[in-house]
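Since the structure comes first, as structure tokens, the remarks are kept for the end.
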Amino acid sequence: MINRSEILQTIAMIDQQHLDVRTVTMGISLLDCCDPDPEKACGKIYDKITRSAKDLVKTGEDIEAEFGIPIVNKRISVTPMALVAGASETEDYVPFAKALDRARAETGVDFIGGFSALVQKGMTRADQLLIRSIPRALSETELVCSSVNIGSTKAGINMDAVALMGQTIKETARLTADRGGFGCAKLVVFCNAVEDNPFMAGAFHGVSEPDRVINVGVSGPGVVHHALQAVRGASFDVVAEAIKRTAFQVTRMGQLVAGEASRRLNVPFGIVDLSLAPTPAIGDSVARILEEMGLEVCGTHGTTAALALLNDAVKKGGVMASSSVGGLSGAFIPVSEDEGMIAAASSGALCIDKLEAMTCVCSVGLDMIAVPGSTSSETISAIIADEAAIGMINQKTTAVRIIPAPGMKVGETVEFGGLLGSAPVMAVHPFSSAEFIKRGGRIPAPIHSLKN
Amino acid sequence: MRAIVTVIGQDRVGIIADVSRILAERGVNVLDISQTVLQQYFTMIMLVDASRCTVPFAELTSLLKSEGDMLGLDIRAQREDLFHAMHRI
């Protein structure tokens, strides 16, 4: 039988250390919803999503109650919308986003993702129409998330798309200026995007996935932090072991929930994403884990090494605990969503350049970073290009979710609320990258992409 | 289906009786009990068999929570599989 201390330890993890399942995400293919008539296509999309996910929220709540584990979000990801909307005879893709939002409201899920395009090598007409409709789509819907993949190790970086995304982000911020540029918090620009990511804003349901699938994202920075407090002063070998053990336990819990959800909904299990996803709550921070390793404040020298160790140990611990690991699986470093990152950025210890270095060794990229509203679209594009280059060369996913907060300056703070938290506006370099971005074309794939 | 019921609260007379009554009324059989009092805090762990529970298990957990709130106790029931998943290979 399970002993007393194990039971009490589990309860302490849930009650005091914020252990939770961050999301149960149902991926739904919309490839069978294509129709030349955009209205009919939107009708099919709404019907398929509401039919497929009608029991998702209820099932999540049942599992939550029976196991006593909080499942913070229930979400839906769909086929990149450019692939579906491209079949319709229309130039306005905003109605497709609205159809997604209606389906989200009907099913009761927290977010729906997949207003997306994959343009790493080039853009179709549909891709261009979708990207141009992103600002309105994000300002006229509530909880629809959008992502665009502009680069990959195999294809290189599509610099035309990079330039376009800089403008798209600026326009999205302008249209949602009354809410601090909130629309940009729902928009991710990827390099090497994955097809089975359960986390928002970047989730979409890849074309190689089955008709429906259940992916689960776990969380647990607080649990890792607690485990490290018990080995204070010990060597890094001990630190790595403590993280691995904890990640194993957290992932086993995620696997259990994923299996239950898959069985009850009669939808195949896809993957467990091992990511350590922070929240703005005290005690649920990735930055505080890094500081626990001996850094005075996250962002100082040593931060990248600490994050590298954390990211790797999380994967090693988690990988044996799940039958299938996927998604992004590592440590997230979203600035506005992490209490310790917010504090570090506000104090000036954490700057964009250091964050960029950290993204070389963590699971994603520059995430939930607010910059001054006056930042030019070319500078934003150049930030995207830098981040994509890191992903392309290192064969990993990188992403940029950046908010040029309208009318705001360095030192001010944008409030988003909820899981999205609050973002201190961070400085960008004042020197121009405009001529660089104006060139367009494609940065070729690196030599090590030629593996065949 | 087996579950772990944990009860934490200020010690007083009749906690075991109260919790057992709630469980018995719903057809839940207690298989094992361990309890201790630490600095006036009562901690009880019960292993129960809920396969003949007369209400859905999710309902039982919320019922225990609300009854616990009335009795000034933190009562939770969780399926035993969770603890096996996290603590046994």
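Here is the naming used below: chain letters follow the sequence lines, and residue numbers restart at 1 for every chain.
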Taking atom CD1 of A:Ile11 and atom CD1 of B:Ile45, what is their separation to the nearest 0.5 Å?
->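 Here the rounded value is 6.5 Å.
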Straight-line distance of A:Ile7 CD1 to B:Ser34 OG, nearest 0.5 Å =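 One gets 7.0 Å once the value is rounded to the nearest 0.5 Å.
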State whether the number of non-hydrogen atoms from other residues, nucleotides or ligands found under 6.0 Å of A:Arg212 atom CZ is greater than 12.
->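 Correct, the count exceeds 12.
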Quick check on [X] against chain A: is it the side chain, the backbone, both or neither that has a heavy atom closer than 4.5 Å?
X	result
B:Ala85	both
B:Leu82	both
B:Leu60	neither
B:Ser62	neither

Would you mind checking if A:Asp15 and B:Arg76 are paired as a salt bridge, meaning a charged N to carboxylate O distance below 4.0 Å?
-> yes
Just wondering, do [Y] and [X] contact through their side chains at under 4.5 Å, heavy atoms?
X	Y	answer
A:Leu19	B:Met86	yes
A:Gln249	B:His87	yes
A:Phe67	B:Asp81	yes
A:Arg4	B:Thr36	yes

Counting N and O atoms only, with roles assigned by atom type, does the side chain of A:Arg252 sit under 3.5 Å from a partner on the main chain of B:Arg88, one being a donor and the other an acceptor?
->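 At least one qualifying donor-acceptor pair exists.
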Can you tell which part of [X] gets under 4.5 Å to a heavy atom of chain B, answering side chain, backbone, both or neither?
X	result
A:Leu256	side chain
A:Glu260	side chain
A:Gln9	side chain
A:Leu8	side chain
A:Met320	neither

Start with the C-alpha distance between B:Ile89 and A:Phe248, add both sets of side-chain angles, then the distance that settles side chain to side chain contact (heavy atoms under 4.5 Å, CB included), and finish with yes or no.
-> CA-CA 10 Å; B:Ile89 297 174; A:Phe248 182 84; 4.0 Å; yes
